[in-house]
Amino acid sequence: GENVEQHPSTLSVQEGDSAVIKCTYSDSASNYFPWYKQELGKRPQLIIDIRSNVGEKKDQRIAVTLNKTAKHFSLHITETQPEDSAVYFCAASDNNNDMRFGAGTRLTVKP
Amino acid sequence: EPEVTQTPSHQVTQMGQEVILRCVPISNHLYFYWYRQILGQKVEFLVSFYNNEISEKSEIFDDQFSVERPDGSNFTLKIRSTKLEDSAMYFCASSSTSGSLNEQFFGPGTRLTVL
C-alpha cells in the first residue's frame with residue numbers, strides 16, 4: 001500500500017520568512033495530494049491540494065509543487081504569519097480512496 | 001456552509017465495552033470515511049464506504065470494527081470490544097466524488113478514551 005514520508009517533523013521560522021515542507025510517496029498510482037492544517041484539538045482542514053495532471057498550484061501565500069517522476073510534493077508558505085503556526089499533514093490517495101497521511105510537521109512562526 | 005458533524009465529542013468507556021461513534025456527512029456526499037489519530041501522531045485511514053458497502057479498509061480495521069449507514073443521514077463506526085490502544089480521536093470525513101477529485105471534508109472528531 002501507499003507510504004507517505006514527511007519532513008521535517010518540526011519547523012521554526014521567523015515571521016515573514018518562507019516555510020517549505022516536503023513529502024514523498026511510494027505508490028505511482030496515487031493521483032491526489034492534499035495538504036491539511038490542524039490546529040491543536042481541531043479537525044484537519046484542507047488548505048490546498050494538487051492532482052497528478054498538474055505540476056504546481058498556488059493560492060495566495062500557499063503553493064504546492066508535484067514531481068510525479070520523483071514521487072515527491074512540497075508545500076510552500078510565503079510571508080509566514082503567527083497564525084500559520086499549526087501541524088501540517090500531507091496525504092496521498094488513488095482512485096481507491098484510502099488516503100494515507102504523512103507524519104505531520106509542526107510549524108512554529110515566531111513573531 | 002455545510003459541515004460534517006460527529007457525536008459525541010468525547011466518549012469514555014471501559015475496556016471490553018462496545019462503542020458506537022456517530023457521524024452525519026455532508027448531505028449530498030456519497031463517499032464516507034473513518035480515520036483515527038492517536039494523540040500527537042498522524043492521521044490514520046481506517047475505512048472508506050460507498051454505495052452501502054466498504055470500498056477500502058486498512059490493516060487497522062480488523063474484525064472488532066464495523067461501519068454502517070443505518071439511515072439516509074448517519075454513518076456509524078462500531079468498536080465491539082474496546083482495548084486501551086483504541087484510545088484516540090476518531091474523525092469522520094465525506095466527499096462528493098472519488099479518485100482524483102477526492103476532496104474530503106473532516107468532522108470535528110470524537111475523542112475516545114478507553115479505561
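Naming: A, B, ... by sequence-line order, numbering from 1 per chain. On a predicted model such as this, the values are computed, not experimentally measured, just so you know.
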Greater than 12 external heavy atoms within 6.0 Å of B:L84's CG
yes
Taking all atoms of both residues into account, what is the closest heavy-atom pair of A:R43 and B:F91, and its distance?
CA-CE2, 3.6 Å
Taking atom CD of A:Q14 as the centre, does the number of heavy atoms from other residues, nucleotides or ligands within less than 6.0 Å exceed 12?
yes
Can you check whether A:F101 and B:F45 have ring centres sitting under 6.0 Å from each other?
no
Quick one: pull up CE in A:M99 and OH in B:Y33 and give me the separation to the nearest 0.5 Å.
7.5 Å
Is it true that atom CG of A:L40 has more than 12 heavy atoms of other residues, nucleotides or ligands lying nearer than 6.0 Å?
no
Would you say A:W35 ends up clustered with A:L107 if hydrophobic residues are merged whenever their side chains have heavy atoms under 4.5 Å apart, either directly or through other cluster members?
yes
Indicate yes or no: at least one non-hydrogen side-chain atom of B:Q37 is less than 4.5 angstrom from one of A:F89.
yes
Report which part of B:Y50 has an atom under 4.5 Å of a heavy atom belonging to chain A: side chain, backbone, both, or neither.
neither
Around A:E79, counting heavy atoms of other residues, nucleotides and ligands shown, do more than 12 lie under 6.0 Å from its CD?
no
Greatest number of non-hydrogen atom pairs under 4.5 angstrom with chain A, of B:A93, B:G107, B:S58, falls to B:G107
Is A:I77 reachable from A:L11 through a run of I, L, V, M, F, W or Y residues, each pair having side-chain heavy atoms under 4.5 Å apart?
yes
Between B:Y35 and B:F61, is there a shared hydrophobic cluster once you connect ILVMFWY residues whose side-chain heavy atoms come closer than 4.5 Å?
no
Is there a path from A:L46 to B:I26 through hydrophobic residues (I, L, V, M, F, W, Y) whose side chains come within less than 4.5 Å of each other?
no
When only heavy atoms count and the cut-off is under 4.5 Å, which of residues 3-24 of chain B reach chain A?
B:E3, B:V4
Please write out which residues are connected to B:I38 in a hydrophobic cluster, directly or through intermediates, given that two of Ile, Leu, Val, Met, Phe, Trp, Tyr count as joined at side-chain heavy-atom separations below 4.5 angstrom.
none
Should we count CZ of A:R106 as having more than 12 external heavy atoms under 6.0 Å?
no
Structural part of A:Q38 lying under 4.5 Å from a heavy atom of chain B:
side chain
Should A:L75 and A:Y32 be regarded as members of a common hydrophobic cluster, given that ILVMFWY residues are connected when their side-chain heavy atoms come within less than 4.5 Å of each other, either directly or indirectly?
no
With rounding to the nearest 0.5 angstrom, report the CG to CD distance, A:D49 to B:E103.
5.5 Å
Measuring from atom OG of A:S9 to atom NZ of B:K42, what distance do you get when rounded to the nearest 0.5 angstrom?
13.5 Å
Between the side chains of B:E59 and A:R100, is the shortest nitrogen-to-carboxylate-oxygen separation below 4.0 Å, so that they form an ion pair?
yes
